[in-house]
Peer 1: 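Have a look at this one.
Convention: sequence-line order gives letters A, B, ...; per-chain numbering from 1.
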Amino acid sequence: MATELPKAYDAKAAQEKWLTFWEERGYFHSNPDPAKKPFTIVIPPPNVTGALHMGHALNNTLQDVLIRWRRMQGFNALWIPGTDHAGIATQSVVERLVFAQEKKTRRDLGREELVNRIWEWKDKYEARIITQLREMGASCDWRRTRFTLDPVCARAVRETFFRMFKDGYIYRGKRLVNWDTQLQTSVADDETDTVDTKGGFWTFKYEVDGEPDTFISFSTTRPETMLGDTAVCVHPSDERYKHLIGKTVTQPHTGRKIPIIADGILADPKLGTGCVKVTPAHDPNDYACWQRHPKIGIINILNPDGTINEAGGEYKGLDRAKARDAVTEKMKELGLYIDRADRDIPLKISDRSKTPIEPLLSDQWFVKMADRDDGKPGLAQMTMDAATDGRVKFFPERYARSYLDWLGEKRDWCISRQLWWGHRIAVWSQSFTERLVFNFQRKALAILVPAGADAAYQFQEDTLTIHIALRADDKFKADLENNGYRQSDDVLDTWFSSALWPHSTLGWPGPALPEARADRTAPDWDKDRSYYPTSVLVTNRDIITLWVARMVLTGLFNLNRIPFSHVYIHPKVMDGFGEGMSKSKGNGVDPLDIIDRYGTDAMRYGMAKLATETQDSRLPVSNVCPHCGKEVPVKQEHMYMRTKKLACPECKKEFRPGGPWPTDDPERPTAKQGSDRFEEGRNFANKMWNATRFLLMNLDGYTPGAIKLEELPTEDKWLLSRLATTTQAVTVALEGYHFSDVARLLYDFVWSEFCDWYIEMSKGRLKDAAARPLAQRVLAGVLDGILRLVQPVMPFVAESLWHALNETASERGLPSPTKAEESVVIAKWPTYPDAWISAEVESRFARMQDLVKSVREVRNRYQVDDKTRLDVSVKCAETVAADFNALATFIGPLAGIANLTAGPSATKPKQAGGIVRPEFEAYVSLAGLIDVTAEIARLQKQIADKRKSLEGTKAKLSNEKFVAGAPPEVVQQQRDLVADIEKQIAAMEENMKDLQST
RNA sequence: GGGCGUGUAACUCAGCGGUUAGAGUGCCUCCCUUACAAGGAGGAAGUCGGGGGUUCGAGUCCCUCCACGCCCACCA
């Protein structure tokens, strides 16, 4: 006797149970295995800044679907999890926290202490992220969990930096950074906000040297930068100024003679006066101009605190705002001031200090992307080639373009960051004030650094600095430090370590050095390299340039092999108003809210469903009232924490809208969020649960056995045809990363075909002792296939049902039964014979469905009693082919079914609705119950519609161009259609006559 | 400014040159029928953003306009 399942699927219980089960069995752990082809994915490591959001839920669900599917297909599937230290983001989160709690800045704490605090934070959030991933069902190999700052990754970073440094790909250069004058640090672009601010637009003039009364005028929004002007620039083809090019002007505040130059990129004749002052050290465009015209020079006028430095002469020490006034005043005195206009100017503000950013020139480390003339490959070109020659393929293809366009600029990559949280740059430097000393030290290096040491040097001529990079912390590091060399304070850009992720996680460069061995779970590159290159990278489009391109770059640089052959870019989850989700907007949704309310399987199904080819997808959410459970749709004003309380329209009690609230409020609980987009998945899981429940209740006396297709009843043949078709389609969809199709195909087959039709039809057979064994085998066999197909997307419900089924029917399957695996996770991905797919059977079945639907329609329209309903049903059933005798119990007990035949019909199931002949007769015989007038009107309209479509089709066929131009099968299709419509019209007209005669 | 993408039912989305444009949710009617009310049966609901064009044939391809989203650049 089968165990009876509870009435509804309990997602929570299943999740707990199977997570433990899977892990105990070690299904997700992978070891190199020469007998199996590897299928590898590395997770895009989530930042340890906080909790996972819906974007992660989407990203990880899709990866898990692929991994679980490939595992079933027999691949050696490995999914490597991990997290990213996310330099700036994490450091600033912790700095803010420390300041909020202790009123201490990072300077108060010091480097070591701050870094310790961040490690504590990291441990906490990493654990939380891993827990969340596990709860989403991610089948990662947890024993291989990596962190971009752990010893294994650190070693890869150090090695890569060293190699690039040694080969001259890494160099020291100048760069304008966003300088925060209050925090006295540089900040990344994404740590700044640009706001329109009221400002001025000043116009001044400089007098041309040697030509009294000849002036050249220009405009600026930042007059104080005149102190750092090193040129005045016009467009080379601008007739107004052509004659002045090559002459000089005297910068009045500093007395410097500066040239008038021509630069077609910087100067735009149509803007302002057509002439522009050039301040290379304090403006990105001017800086670029200087790079094109290095002889004009570059002068930094700012101290790190935002005051003017000695280059500003008499203005030295003034704050930049005061300097602005003073400089302007001076121009007025000299009669060189023209005017000032009010103007809204975009002002960059530091996110953290909320003070204006100053562009400031500083020394930074760069990776050179351009082509080289020494025979070594140019990194950008090399990386581009991998995509153009198809070694790396993008899905959808169009994203290759962002990758190529961006790399095509071959802009150098600034890799140093003035932060404390990250991989500290392993370069020891010393600057000298005298060239002689510099040259001497340079020669003496051979003595300082012993032969055979893994060290590389660079000599920076402009600052008389020697840079020494070390491959590891060798013994002589102390000697260096004793001789005045200091390790750089800077750390590497986070993307530098993420760029190595596909090979650093596998233990490259191996074998492990002592510091890496300290990590007991360290991978072994010698063996694990067989997982490289990985199979597919699953990520979103925002980081194609920042991350994807750089992984390809370092993969090629370090290993001369691409890191992955496919890049699948999935859509973004937007809020209900079409905007991207972000912390600052406060419109994010917590996946745990969704899991809690709908179950993990439902969340995963929902994620798969929205992963369509082209579109970003909106996720409108509701606040679920914490008091009564009422769903209150989220409005835009609820976000950004603008609405602090909401009253439930149902129970009138107050709560806070869901969102990232900094503190709890016992008076006003925060609502969890829900979204009806996950109901489909929840219902689907429950549907499968109940289909299995039904089967288990009808499995008494089950015996396994092979089936022969030709001996099966039509509905079985139909079901197997649909199963084989669906299985093929799902496999193809997975191969092409069409996750939405996967979800839809599964849903349609299981619900609309297996449950709605087949199970209903099987009920009669299950009561019939003779027919019962076969029906049981087919049901069990098909359900077996369904669970396998569903497992990658909805593993928890699949596993629950798999085990339930194993209890009574552990031997099952089609066409021949086999012993089921102990878990659906490791079951084989199904394949079925092509020969099962039969258009003829499907068409016959469709005809039957049409008839049944018509009867139902009539029944519904006229609320007839049971006796009459039976009459209609009988009448209908009599018209159905004998091989559908299973219908007996489906539409009503059957009496005297004759060998009536209904040939194949071109009608498809979805075209039901038109009333066809046989059952029409039946209900016409119920004349007393029918509203004849209404029915006639209805028919008339239907006939008119048909006529119209008939005419259209006929017109098409009488068009010579169509007959000649369209493909023959299309023409034939149209001819069939005409015949079909004519038949339908004839039937309806007959119906009409019948009706009129009543 | 450049690039990419999107406008299809009340909402969220499929549909990728060829029958009468589909699904889920929501809505309306009936049904607690021993798998499932998280269910069953049926129904209403769309000049496929506007305008041109190509084609025998256009949600589907081209042009253009209008809205929206994302990325990159720029705003002396």
Peer 1: Can you measure Tyr605(A) atom OH to C13(B) atom P for me and round it to whole angstrom units?
Peer 2: 15 Å
Peer 1: Picking from C11(B), A73(B), C70(B), which would you name as closest to the side chain of Arg541(A)?
Peer 2: C70(B)
Peer 1: Between U19(B) and C13(B), how far apart are the two P atoms, rounded to whole Å?
Peer 2: 26 Å
Peer 1: Listed by chain and number, what are the side chain to side chain donor-acceptor pair (under 3.5 Å) partners of Arg682(A), not counting sequence neighbours?
Peer 2: none
Peer 1: For the P atoms, the ones on G57(B) and on U20(B), what distance do you get once it is rounded to whole angstrom?
Peer 2: 15 Å
Peer 1: List for me each residue that meets side chain to side chain donor-acceptor pair (under 3.5 Å) alongside Arg618(A), sequence neighbours excluded, and say none if there are none.
Peer 2: none
Peer 1: Can you list everything that forms a salt bridge (Lys or Arg N to Asp or Glu O under 4.0 Å) with Asp405(A)? Sequence neighbours excluded, please.
Peer 2: Arg401(A)
Peer 1: How close or far is atom C1' of C36(B) from atom CG of Asp10(A), stated in whole angstroms?
Peer 2: 15 Å
Peer 1: Please report, rounded to the nearest Å, how far the P atom of A35(B) is from the CZ atom of Phe754(A).
Peer 2: 14 Å
Peer 1: Taking only distance into account, with no hydrogens and no angle test, what donor-acceptor pairs under 3.5 Å do side-chain atoms of residues 745-754 of chain A form with protein atoms, sequence neighbours excluded?
Peer 2:
from      : atom 1 : to        : atom 2 : distance (Å)
Glu753(A) : OE1    : Arg722(A) : NE     : 3.1
Glu753(A) : OE2    : Arg722(A) : NE     : 2.9

Peer 1: Measure from CZ on Phe201(A) to P on A76(B) and round the result to the nearest Å.
Peer 2: 7 Å
Peer 1: So does Lys609(A) get a side-chain nitrogen or oxygen closer than 4.0 Å to the phosphate oxygens (OP1/OP2) of A23(B)?
Peer 2: no
Peer 1: Could you work out the separation of U55(B) and C61(B) based on their C1' atoms and round it to a whole Å?
Peer 2: 10 Å
Peer 1: Not counting sequence neighbours, which residues clear side chain to side chain donor-acceptor pair (under 3.5 Å) with Asp263(A)? List them please.
Peer 2: Arg292(A), His293(A)
Peer 1: Sequence neighbours left out, what passes ring pair (Phe, Tyr, Trp, His ring centres under 6.0 Å) with Tyr337(A)? Give chain and number order.
Peer 2: Phe204(A)
Peer 1: Out of C70(B), G40(B), C13(B), which has the shortest distance to the side chain of Asp756(A)?
Peer 2: G40(B)
Peer 1: OP1 or OP2 of G40(B) sitting under 4.0 Å from any side-chain N/O of Lys687(A)?
Peer 2: yes
Peer 1: Step through it carefully: locate the ring centre of Tyr206(A), locate the ring centre of Phe218(A), and say whether they are under 6.0 Å apart.
Peer 2: yes
Peer 1: Let me spell it out: for each of Lys572(A) and Leu695(A), pick the nucleotide of RNA chain B with the closest heavy atom. Which residue's pick is nearer the 5' end?
Peer 2: Leu695(A)
Peer 1: Using the P atom in both, what is the distance from G15(B) to U54(B), to the nearest Å?
Peer 2: 28 Å
Peer 1: Using a cut-off of strictly less than 4.0 Å, decide whether Ser617(A) has a side-chain nitrogen or oxygen near OP1 or OP2 of C13(B).
Peer 2: yes
Peer 1: Please determine, for the side chain of Arg682(A), which listed nucleotide (A14(B), A38(B), A35(B)) has the closest atom?
Peer 2: A38(B)
Peer 1: Once you apply a heavy-atom cut-off of 4.0 Å, does Cys755(A) come out as touching a base, just sugar-phosphate, or nothing?
Peer 2: base
Peer 1: Between Tyr9(A) and Asp601(A), is there a side-chain donor-acceptor contact under 3.5 Å, judged purely by atom types and distance?
Peer 2: yes
Peer 1: Taking the same atom, P, in U33(B) and in C28(B), what whole-Å distance lies between them?
Peer 2: 22 Å
Peer 1: What pairs with Tyr399(A) under ring pair (Phe, Tyr, Trp, His ring centres under 6.0 Å), at least two apart in sequence or on another chain?
Peer 2: none
Peer 1: Examine the side chains of Lys277(A) and Thr225(A) and answer whether a donor and an acceptor come within less than 3.5 Å of each other.
Peer 2: yes
Peer 1: Tell me: OH of Tyr403(A) to P of C72(B), nearest whole Å?
Peer 2: 18 Å
Peer 1: On the nucleotide U12(B), are OP1 or OP2 found under 4.0 Å from the side-chain N or O atoms that Arg618(A) carries?
Peer 2: yes
Peer 1: Does G39(B) have OP1 or OP2 under 4.0 Å away from a side-chain N or O of Asn683(A)?
Peer 2: yes
Peer 1: How close or far is atom P of U34(B) from atom CG of Leu5(A), stated in whole angstroms?
Peer 2: 18 Å
Peer 1: If you compare every side-chain N and O of Thr612(A) against the phosphate oxygens of A14(B) (OP1, OP2), does one of them come in below 4.0 Å?
Peer 2: yes
Peer 1: Would you sketch RNA chain B in dot-bracket for me? Only Watson-Crick or G-U wobble pairs with both distances under 3.5 Å count, crossing pairs as [ ], other-strand pairs as |, the rest as dots.
Peer 2: ((((((((.[[[[.)..(...]]]].(((((.......))))).....[[[[[..)....]]]]])))))))....
Peer 1: How far does the P atom of U12(B) sit from the matching atom of U29(B), given to the nearest Å?
Peer 2: 25 Å
Peer 1: Listed by chain and number, what are the ring pair (Phe, Tyr, Trp, His ring centres under 6.0 Å) partners of Tyr702(A), not counting sequence neighbours?
Peer 2: none
Peer 1: Does Lys7(A) make a side-chain N or O approach to OP1 or OP2 of C36(B) shorter than 4.0 Å?
Peer 2: yes
Peer 1: Determine the interatomic distance between P on A44(B) and the same-named atom on G2(B); round to the nearest Å.
Peer 2: 48 Å
Peer 1: Could you check G59(B) for me: syn (within 90° of 0) or anti?
Peer 2: syn
Peer 1: For Cys233(A) and Ile759(A), find the nucleotide of RNA chain B closest to each by heavy atoms; which residue's nucleotide sits nearer the 5' end?
Peer 2: Ile759(A)
Peer 1: Can you tell me how far P in A38(B) sits from the matching atom in C66(B), rounded to whole Å?
Peer 2: 49 Å
Peer 1: Glu613(A) side chain: which of A76(B), U12(B), C16(B) is closest?
Peer 2: C16(B)
Peer 1: Within less than 4.0 Å of OP1 or OP2 of A35(B), is there a side-chain N or O belonging to Trp751(A)?
Peer 2: no
Peer 1: In whole angstroms, how far is the P atom of U12(B) from the OH atom of Tyr747(A)?
Peer 2: 19 Å
Peer 1: Counting heavy atoms from C-beta on, name the nucleotide in C71(B), A14(B), U25(B) closest to the side chain of Asp676(A).
Peer 2: U25(B)
Peer 1: Using side chain to side chain donor-acceptor pair (under 3.5 Å) as the criterion, list what pairs up with Trp413(A), not counting sequence neighbours.
Peer 2: Asp493(A)
Peer 1: Determine whether any donor atom in the side chain of Glu760(A) lies under 3.5 Å from an acceptor atom in the base of A35(B), or the reverse, and answer yes or no.
Peer 2: yes
Peer 1: For the backbone of Ser740(A) and the side chain of Thr612(A), can you confirm whether one donor and one acceptor N or O come within less than 3.5 Å of each other?
Peer 2: no
Peer 1: Mind listing the N/O atom pairs, protein and nucleotides 55-60 of chain B, below 3.5 Å?
Peer 2:
from   : atom 1 : to        : atom 2 : distance (Å)
C56(B) : O2'    : Asn959(A) : ND2    : 2.9

Peer 1: Would you mind telling me which of A14(B), A76(B), A35(B) lies closest to the side-chain atoms of Met697(A)?
Peer 2: A35(B)
Peer 1: For nucleotides 3-9 of chain B, read 5' to 3', which letter fits each nucleotide if B means a protein heavy atom sits under 4.0 Å from the base, S means only the sugar-phosphate is that close, and - means neither?
Peer 2: SSSS---
Peer 1: Is there a donor in the side chain of Thr279(A) and an acceptor in the side chain of Arg222(A), or the other way round, less than 3.5 Å apart?
Peer 2: no
Peer 1: Please check the phosphate of U33(B) (OP1 and OP2 only) for any side-chain N or O of Lys763(A) closer than 4.0 Å.
Peer 2: no
Peer 1: Can you see whether Ser217(A) engages Thr203(A) through a side-chain donor-acceptor pair at a distance of less than 3.5 angstrom?
Peer 2: no
Peer 1: Measure from CZ on Arg693(A) to C1' on C36(B) and round the result to the nearest Å.
Peer 2: 7 Å
